[in-house]
Amino acid sequence: MENRGSAPEEFLKPYDPADTEPGIYSLWEQSGYFNPDNLPEEHKEPFCIIMPPPNANGSLHVGHALFVTLQDLLIRYKRMRGYKTLWLPGGDHAGFETQIVFEKKLEKEGRSRFKMPRDEFYKETLAFTLENKKFMEGQLRELGASCDWSRNTFTLDPKIVSTVYGTFKKMFNDGLVVRGSRPVHWSTKYQTSLSDLETKVVERNDPLYYLKYGPFVLATVRPETKFGDTAVAVNPNDERYKKWVGKEIEFEGLTGTVKLKVIADEYVDQAFGTGVVKITPAHDPNDFAVAQRHGLPVVEVIDKFGRLNEKCGKYAGMKILEARAAVARDLEEKGMLVKVDEKYTHNVLVNYKSEHDILEPRVMPQWFVKIKPLADMAGKAVEDGRITFVSEQYRKIFFHWLEGLRDWNISRQIVWGIPIPAWFKDDEIKIQAESPGEGWVQDPDTFDTWFSSGQWPFATLGYPDSPDFKTYYPTSVMETGYDILFFWVMRMIMLGLYRTGEVPFRDVFLHGLVRDAQKQKMSKSKGNVINPLEVTRVFGTDALRMALLVGNTPGMDMALSEQKIKAYKLFSNKLWNVARFVLENTDASADFLKAEFTTYDADLINEMSYVIADTTESIDKYRFYLAAENLYHFLWNRFASEVIEESKSILKSEDPTERQSRQRLLYELLVTSLKLLHPFMPFVTEAIWQKMPHKDEPLLMVAKWPI
RNA sequence: GCACCCUUAGCUCAGCUGGUUAGAGCGUUCGAUUCACAUUCGAAAGGUCUCAGGUUCAAAUCCUGAAGGGUGCACCA
């Protein structure tokens, strides 16, 4: 058979992604176009996405693959449309979370951070983190991320730390960050306080003890905290107890005579238990609030290790649960335990990373961010449309969250993080990085990771003077998972507005969780985890990317299966073979590209223009699932199954006009398909592009979007 | 308790501002082919759009209510 075609040898084999992808990525990287400064002049209007910096404490999972896919799609699309595109990558030291991971590693080695000097622990964690970070950067490359590595930033870089310090100092001066002794969630396991967001509620069954307190009987789940009681409270409207209010009760307790004031407070529910509550301000946030209202003392009886302290007589040194049992037993012996409701269910706060770590409410000095003024600023920005949520539902969730926010505890008693630049001397506080001099003691605490990552967009861009900040801030889109909406997105809005006076980003695009084919959460214990780097090696990155895009509605969880990924590997191969067919049936000389279209072929070109318009509109509206599906459909069902099929006879036609028109049609359909598909499947499209004999641009990555 | 989301073919989901016989992918069944395709092509079956009201000439789509599922926030000893 005659073969006048220009198809290179490689096309004779099926598409091999594993063999092709690394070479294509280095082709892109070497071009320099990931860096917007190297893009041609006509790329003027900025488009910027700040990459959510992955936690540098493990390898990438499929959720990371999803964000890379979505953001890379946007960036590649905008780059082809002539924007000055910056996708700024980074890595997150991830304070508390990394410390947990690293401590587990130490545990396996039979070591413990509590037996290590602070410096040494920090150094080892840093080495561990940097190693992971480097590894992850390689993985981001494998996923095709066209981000600007020359601007790669780490959350502990001096530039970031100094910006964070600047914000902290400004907030301190403005009275937005305060030092105060307030109730916090204390992890006895990890020896640090946590913010409200870093907690999770679990339902537990615990006995409810009815105790005799002099003339009263009251109910409590925590008899072991009785040594910290500073009052007994009733509801002001409760007729049963009215005569006692303001008086003092006195009775023999376990460790001597107990004298408690009786107070009245609306907080007490008459219908619960006996309508009498013991008030233990140091170990219950509600009781603390009552104590504040009534000027009651705060008596701490549980220490930071979760043991009763010296104020508890013979119970001192016992762990909470042990003490509870002992106290209950002794009370029973003394006839002070009236009854026990064994089936009492209530909610307990635990560490969000570890259900077994029940958080102990403790009152201790910490740094708090006054949230109300910041929340108001953020609310206003969303209200007046300076920030748009791509999925409307998150706007509602955003406003719901803003109501009833409590101040944010930003100090952590952990080593791994950015040290808080505060110095103490007697009652004085100074905010600065270096010691103010003799006699000043530095705050040993570090910042909540989210306090620093909340400043990520303007910190990475070099607020306030860098050209990048001026060009790219406010950034265009914040794309991340809805699971960190409160942790991160909200904080970025608040802190960005506070520090720079402008929103950190215009559009918020939130993606959902990647679940397995049955919509079950992926987890190691279930064995249903899809490892992105494993599947890309078998099916190709493009196949994974398409699988993550099709059927994935913004803000909703999606189902992913290996079968689905495989289907898009076949699609990559389909595209590959379409290209092979076209190149085999067109000349190496460009003559046919000058041919006139027959009326029929002109109609097909017209049809293609609708595909272009649809794809463009879908991407602009963030409906990637739609664009991906339509392109798949067009390429396979229309281009391959119909146009190519009918071409087989047309190309054999005796009439050169008809033949050449068809050759030009095929070639142009292929060129346009490659361009449209590039943001979705960058590798295979670029690999084919590289084999195209006639092209207006050597790299598809910067070819002009057909519009 | 408060809020948000979901409920459309066996499965996973589209269906944007209400408008011809409700779509896609996968799966299933039947047939063909190895002539660009470590395959592909053609065809078929399959839906009371969760339920009950309402608005409308017209509702999967808008409104009200209910049921089921999911998620977030809050939380009383």
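Chain letters run A, B, ... following the sequence lines, proteins first and then strands; every chain starts at 1.
Taking A/Q270 as the reference, A/N235, A/N237, A/D238, A/R240 meet the side chain to side chain contact (heavy atoms under 4.5 Å, CB included) condition, with sequence neighbours excluded.
One C1' atom belongs to B/C49, the other to B/U8, and the distance between them is 4 Å to the nearest Å.
Spacing between atom CD1 of A/I371 and atom P of B/A74 amounts to 13 Å, rounded to whole angstrom units. Separating the NZ atom of A/K569 from the P atom of B/C26 is a distance of 16 Å, rounded to the nearest angstrom.
Looking only at distances, no side-chain donor or acceptor of A/N573 sits under 3.5 Å from a matching main-chain atom of A/P14. A distance-only check finds a donor-acceptor pair linking the side chain of A/T274 to the backbone of A/V217 [under 3.5 Å].
One finds no side-chain N or O of A/Y267 lying less than 4.0 angstrom from the OP1 or OP2 phosphate oxygen of B/C75. Listed pair A/Y625 / B/U12 fails the phosphate criterion, with no side-chain N or O lying under 4.0 Å from OP1 or OP2. Considering only side-chain N and O atoms, A/S641 lies under 4.0 angstrom from the phosphate OP1 or OP2 of B/C41. Distances shorter than 4.0 Å separate none of the side-chain N or O atoms of A/K200 from OP1 or OP2 on B/C73.
In this structure, of B/C2, B/C4, B/C41, it is B/C4 that holds the atom nearest to the side chain of A/K396. Of the candidates B/G25, B/U40, B/A38, the closest approach to any side-chain atom of A/Y568 belongs to B/G25.
Residue side chain A/E403 does not reach the base of B/A74 through any donor-acceptor N/O pair under 3.5 Å, judged by distance alone.
Look at A/R222 and A/D284 and you find no salt bridge, because none of the NZ, NE, NH1 or NH2 atoms lies under 4.0 Å from a carboxylate O.
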